[in-house]
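Heads up, the thing below is written out as structure tokens.
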Amino acid sequence: MAETWLNETLYPDWGQRFLVTRELARVKSDFQDVVVFESSSHGRVLVLDGVIQITERDEFVYQEMLTHVPLLAHPCAKRVLIIGAGDGGVLRRVLQHETVEKAVMVEIDGAVIELSKQYLPNIAGDAWNDPRAEVIVGDGIDYVLKAADGAFDVIIVDSTDPIGVGEVLFTDEFYSNCARILSDEGLIVNQCGVPFMQADELHETSLRRAKFFPHVGAYVAAVPTYVGGFMTLGVASKGQAPNTQTVEQIRARADAAKIVGTTRYWTPEIHVGAFNLPPYIAEHLPKTGK
């Protein structure tokens, strides 16, 4: 029997491929092509429009850094808005923080949620049933437009790259509304790609957010599945610059949130160190960025 390989389509001239041991689902939703398959190397894998989104084996790296860093850079994050993240992994990590009182997740593609519940249940765990969680199948842009001023402490945007369904999450209007609905100490974070291959993504996103936030920066995470070196996570803050906390401050906040000892990648030391960017990445941030 011939082997089946999935070739990722993110870049036209460079990529990776996975040996598919079993295809679990293939759906064309109203927004994108969704595939879930079993691999021999990375467990189950979620693919959107031919691009690897998450794998069971290394999802913890991305999810922990996308979640724990902004929640602990904030002095006391209680209300969190998640846009995208249909696999439920970010929701799970947000709700690990006992200090969080409410987490609203808005995912535009209900098919991603349903397929993740069915075929990737370990990624979200029991998060779907947590009473603090409100899961909305809808347009995150519209939700942000209509939300009240100062309604959230942290906004986490877990989107695809700024093409297709994810493109509207990288506009001036979106970031302006995010700044409005964040509290005085509020932060927003979103993935800005792998700068070795996608430097423009980090550069342009940071310039846009600098129009609305006094502190704009980025930190890095080494996610094996996101080929090309460090993945950057762009962060912008209305309050204190997110790269100014000490290891001791972050550990104290993590203790209060009861997440110490629950992680596989994030630690207070990794948290603080992740803001120390290699020059080839830092050069793409605005000169006024903190």
Side-chain angles (χ1 to χ4, degrees), residues 22 24-25 27 34-39 41-48 52-72 74 77-138 140 152-160 189-191 221 223-226 231 233 253-268 270-271:
R22 183 166 57 121
L24 301 170
V27 173
V34 187
V35 174
V36 183
F37 69 89
E38 190 97 42
S39 74
S41 58
H42 286 63
R44 293 185 175 187
V45 182
L46 173 66
V47 188
L48 300 180
I52 305 298
Q53 301 299 311
I54 215 80
T55 80
E56 285 184 318
R57 187 173 180 193
D58 68 0
E59 57 87 23
F60 68 92
V61 181
Y62 178 68
Q63 314 271 32
E64 289 179 9
M65 292 298 282
L66 186 63
T67 302
H68 297 324
V69 172
L71 262 64
L72 294 171
H74 190 284
K78 296 181 178 180
R79 301 159 298 160
V80 181
L81 173 62
I82 305 163
I83 297 177
D87 56 77
V90 171
L91 181 64
R92 172 187 166 194
R93 267 61 178 212
V94 167
L95 295 171
Q96 285 179 335
H97 290 246
E98 294 188 6
T99 44
V100 168
E101 297 174 356
K102 181 73 174 178
V104 178
M105 173 181 154
V106 185
E107 164 62 55
I108 198 168
D109 196 342
V112 175
I113 294 176
E114 292 309 312
L115 290 170
S116 296
K117 285 181 177 180
Q118 184 173 358
Y119 296 109
L120 300 163
N122 294 330
I123 288 182
D126 296 328
W128 304 117
N129 303 315
D130 192 300
R132 295 172 294 162
E134 179 183 358
V135 178
I136 299 168
V137 177
F152 296 97
D153 299 313
V154 172
I155 299 174
I156 299 173
V157 183
D158 182 19
S159 69
T160 55
V189 63
N190 65 293
Q191 68 89 0
V223 188
T225 300
Y226 304 150
M231 155 73 67
L233 300 164
R253 292 175 183 178
D255 280 334
K258 301 291 194 298
I259 68 158
V260 174
T262 69
T263 62
R264 296 185 61 208
Y265 186 91
W266 180 95
T267 67
I270 291 289
H271 178 125

Item to check | With sequence neighbours excluded, residues passing side chain to side chain contact (heavy atoms under 4.5 Å, CB included) with Asp255 | outcome: Arg251, Val260
Item to check | Stepwise side chain to side chain contact (heavy atoms under 4.5 Å, CB included) check, Leu115 with Val27 | outcome: CA-CA 9 Å; Leu115 290 170; Val27 173; 3.9 Å; yes
Checklist entry - If every non-hydrogen atom of Trp128 is compared with every non-hydrogen atom of Gly86, which pair is closest and at what distance? => result CH2-O, 3.5 Å
Checklist entry - Restricting to pairs with a member in residues 81-114, which pass ring-ring contact (aromatic ring centres under 6.0 Å, His included), not counting sequence neighbours? => result His68-His97
Checklist entry - Val69 versus Val189: any side-chain heavy-atom pair under 4.5 Å? => result no
Checklist entry - Taking Gln191 for the side chain and Asp158 for the main chain, is one N or O donor matched with an acceptor at less than 3.5 Å? => result no
Next on the checklist: Measuring from atom NZ of Lys102 to atom CD of Glu134, what distance do you get when rounded to the nearest 0.5 angstrom?
Outcome noted: 4.5 Å
Checklist outcome for this item: Sequence neighbours excluded, the answer for side chain to side chain donor-acceptor pair (under 3.5 Å) partners of Arg22 is none
Item to check | Partner residues of Glu101 under the side chain to side chain contact (heavy atoms under 4.5 Å, CB included) criterion, sequence neighbours left out | outcome: Lys78
Checklist entry - Roughly how far, to the nearest 0.5 Å, is CG of Asp109 from OG of Ser116? => result 9.5 Å
Next on the checklist: Applying side chain to side chain donor-acceptor pair (under 3.5 Å), can you list everything that pairs with Ser39, at least two apart in sequence or on another chain?
Outcome noted: none
Checklist entry - For the residue pair Leu46 and Val36, what are the closest heavy atoms and their distance? => result CD1-CG2, 3.9 Å
Item to check | Residues that Phe152 engages under ring-ring contact (aromatic ring centres under 6.0 Å, His included), provided they are two or more places apart | outcome: none
Next on the checklist: Is it the case that atom CZ in Arg57 sees more than 12 heavy atoms from other parts of the structure closer than 6.0 Å?
Outcome noted: no
Item to check | Residue pair Glu107, Val135: steps toward the side chain to side chain contact (heavy atoms under 4.5 Å, CB included) verdict | outcome: CA-CA 8 Å; Glu107 164 62 55; Val135 178; over 6 Å; no
Checklist entry - Should the pair Glu59-Arg44 be classified as a salt bridge under the 4.0 Å nitrogen-to-oxygen rule? => result no
Checklist entry - How close do Tyr119 and Ala25 get, heavy atom to heavy atom, and via which atoms? => result CE1-CB, 3.6 Å
Checklist outcome for this item: One should read off an interatomic distance between Leu95 CG and Met105 CE, to the nearest 0.5 angstrom, of 11.0 Å
Item to check | Residues in ring-ring contact (aromatic ring centres under 6.0 Å, His included) contact with Tyr226, at least two apart in sequence or another chain | outcome: Tyr62
Checklist entry - Minimum heavy-atom separation for Leu66 to Val157, with atom names? => result CD1-O, 4.5 Å
Checklist entry - When rounded to the nearest 0.5 angstrom, what distance separates CD1 in Ile259 from CH2 in Trp266? => result 4.5 Å
Item to check | Non-hydrogen atoms of Thr99 and Ala256 that approach each other most closely | outcome: CG2-O, 3.8 Å
Item to check | Partner residues of Asp58 under the side chain to side chain donor-acceptor pair (under 3.5 Å) criterion, sequence neighbours left out | outcome: Thr55, Thr225
Checklist entry - With a 4.5 Å limit on heavy-atom distance, are the side chains of Leu48 and Val34 in contact? => result yes
Checklist entry - For Thr267, what residues pass the side chain to side chain contact (heavy atoms under 4.5 Å, CB included) criterion, not counting sequence neighbours? => result Glu269, Ile270
Item to check | side chain to side chain contact (heavy atoms under 4.5 Å, CB included) between Leu120 and Glu56, worked out | outcome: CA-CA 8 Å; Leu120 300 163; Glu56 285 184 318; 4.1 Å; yes
Item to check | Heavy-atom pair with the smallest gap, counting every atom of Ala103 and Leu91 | outcome: CB-CD1, 3.9 Å
Checklist outcome for this item: To the nearest 0.5 Å, atom OG1 of Thr67 lies from atom CD1 of Ile156 at 4.5 Å
Next on the checklist: Restricting to side chain to side chain contact (heavy atoms under 4.5 Å, CB included), what partner residues turn up for Glu114, sequence neighbours left out?
Outcome noted: Lys117
Checklist outcome for this item: So the side-chain hydrogen bond (donor to acceptor under 3.5 Å, both in side chains) pairs with at least one residue in residues 256-265 (sequence neighbours excluded) are none
Checklist entry - Run the side chain to side chain contact (heavy atoms under 4.5 Å, CB included) check on Leu71 and Val100 step by step: do they pass? => result CA-CA 9 Å; Leu71 262 64; Val100 168; 3.8 Å; yes
Checklist entry - What residues, two or more places apart in sequence or in another chain, satisfy side chain to side chain donor-acceptor pair (under 3.5 Å) together with Asp87? => result Gln63
Checklist entry - Got a second to check how far Arg92's CZ is from Phe60's CZ, nearest 0.5 Å? => result 11.5 Å
